[in-house]
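Read the structure below first, then the notes.
Both counts, for ligands and for their atoms, begin at 1 and track the order of listing.
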Amino acid sequence: MSTPNGVDRYGVMGYPVSHSRSPVIHRLFALQTGQRMQYELLQVSPDHLEDAIRQFERTGGRGLNITVPHKQAVIPLCSSLSDRARTAAAANTLTFDNGEIRGDNTDGIGLLRDLAVNLGIELQQRSILILGAGGATRGIVGPLLEMQPKRLLIANRSIERAEEIVERFAEDGPVFACSFNDGQLGESFDLVINATSAGFKGERPPYPVDAVSSKTVCYDLSYGLNPTPFSVWAREQGAANSIMGWGMLVEQAAESFNIWRGIRPDTAAVLKQISVTA
Ligand code: ATR
């Protein structure tokens with residue numbers, strides 16, 4: 001079913017969601033590929049998530065992107081899951097098809113494409129630190145381990161959540177958990193990824209200073225028109241490079257678009273068009 005005007009309906013659901021640039025990106029993709037579709041910004045609190053998804057589906061919704069803090073909560077609502085969504089136990093892309101909800105996760109592939117293709121960063125045999133252990137981290141651990149890093153450490157404020165993710169991925173590669181003040185953070189990493197949602201709330205947690213040296217690339221999954229608190233912090237530590245997640249945002253969106261519309265947009269053009277400096 002389409003909307004009354006025959007246009008397929010998509011959107012991004014989150015809480016908060018006003019910062020999201022997904023509508024702009026998907027509109028640019030649709031324009032570029034000649035797809036007739038609309039894409040909305042949907043602010044939905046956790047209490048109303050299930051109702052809002054079902055309502056969206058009933059009123060012509062064809063697909064949804066799911067963002068903070070709902071990526072794990074949508075899993076039980078899905079009728080089927082892709083392998084990557086199942087392994088991550090988190091989904092950022094839902095597709096509605098004849099009353100079925102299919103869950104997928106394009107975060108990991110989006111990050112990898114940005115790191116490897118757009119930025120030319122080598123991951124094999126490199127040491128990687130992820131800060132945070134929420135839905136975003138779940139989406140990126142599997143794909144990062146496939147790149148055969150030397151070590152992937154997940155540091156989280158509450159260590160239990162990091163340990164839970166490590167258990168889930170332990171067979172896939174050298175992945176470990178620790179808290180923010182662990183001794184393992186006393187040496188520098190090749191790549192430090194911020195996957196906490198602290199920046200959204202304007203918070204700057206006690207990020208581990210010794211984890212960053214002049215050889216470290218810092219990547220913030222968050223993005224903003226102004227530098228995020230983590231990217232400012234990374235520059236202050238003298239990181240080799242401090243990158244915000246615009247590239248990942250566009251790449252994960254392109255994967256979702258491809259799942260929904262069967263066509264992969266040219267991401268480089270859109271990344272330029274949203275004209276941001278990372
Ligand atoms: P998402 O699904 O986008 O990852 P989430 O599930 O709400 O969002 O996870 C948020 C992550 O940011 C968690 O790792 C959280 O740490 P806790 O598990 O200890 O709650 C982390 N986070 C949020 N605010 C933080 C802060 N001020 N300091 C440190 N970590 C923070």
Give the atoms of ligand 1, by number and element, whose distance to some non-hydrogen atom of [X] is under 4.0 Å.
X      : value
Ala133 : 14 (O)
Arg161 : 6 (O), 9 (O), 13 (C), 17 (P), 18 (O), 20 (O)
Ala136 : 1 (P), 2 (O), 4 (O)
Pro205 : 26 (C), 28 (N), 29 (C)
Ala198 : 23 (C), 24 (N), 25 (C), 26 (C), 27 (N)

key: Proximity flag Lys201 to ligand 1, non-hydrogen atoms under 4.0 Å   =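 A heavy atom of Lys201 does come that close to ligand 1.
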[X] and [Y]: side-chain donor and acceptor closer than 3.5 Å?
X      : Y      : result
Asp114 : Tyr219 : yes
Gln184 : Arg151 : yes
Asp47  : Ser45  : no

Which one of [options] has a non-hydrogen atom at the shortest distance from [atom]?
atom                    : options                        : result
atom 1 (P) of ligand 1  : Ala195, Gly135, Pro229         : Gly135
atom 12 (O) of ligand 1 : Gly132, Gly139, Ser179, Ser197 : Ser197
atom 22 (N) of ligand 1 : Arg157, Glu160, Glu203         : Arg157

message = Before we go on, tell me: are the rings of Tyr10 and His26 under 6.0 Å apart, centre to centre?
response = no
key: Near-ring test Phe257/Phe29, centroid separation under 6.0 angstrom   = yes
task = Please determine which of Gln35, Gln38, Arg261 meets the side-chain hydrogen bond (donor to acceptor under 3.5 Å, both in side chains) test together with Asp8.
result = Arg261
key: Step-by-step salt bridge (charged side-chain N to carboxylate O under 4.0 Å, His left out) determination, Arg62 to Glu57   = CA-CA 7 Å; Arg62 299 290 302 271; Glu57 186 188 11; over 6 Å; no
What's the shortest distance from [atom] to any protein heavy atom, and which residue and atom give it?
atom                    : value
atom 3 (O) of ligand 1  : Val68 CG2, 3.1 Å
atom 5 (P) of ligand 1  : Gly134 CA, 4.1 Å
atom 19 (O) of ligand 1 : Ser158 OG, 2.7 Å
atom 16 (O) of ligand 1 : Asn156 OD1, 3.3 Å

inquiry  = Are any of the N/O atoms on Lys71, whether in the backbone or the side chain, positioned under 3.5 angstrom from an N/O atom of ligand 1?
reply    =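 No, since none of the N or O atoms of Lys71 sits under 3.5 Å from an N or O of ligand 1.
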ask   = Does ligand 1 have a heavy atom under 4.0 Å from the side chain of Thr196, from its backbone, from both, or from neither?
value =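 Answer for Thr196: both.
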request  = Supply the members, apart from Tyr15, of the Ile/Leu/Val/Met/Phe/Trp/Tyr cluster built from side-chain contacts under 4.5 Å; use none for a lone residue.
outcome  = none
request  = May I ask you to decide whether Asp83 forms a salt bridge with Arg86, counting only side-chain N to carboxylate O separations under 4.0 Å?
outcome  =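 So Asp83 pairs with Arg86 through a salt bridge.
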ask   = With sequence neighbours left out, what residues match Arg113 under salt bridge (charged side-chain N to carboxylate O under 4.0 Å, His left out)?
value = Glu251
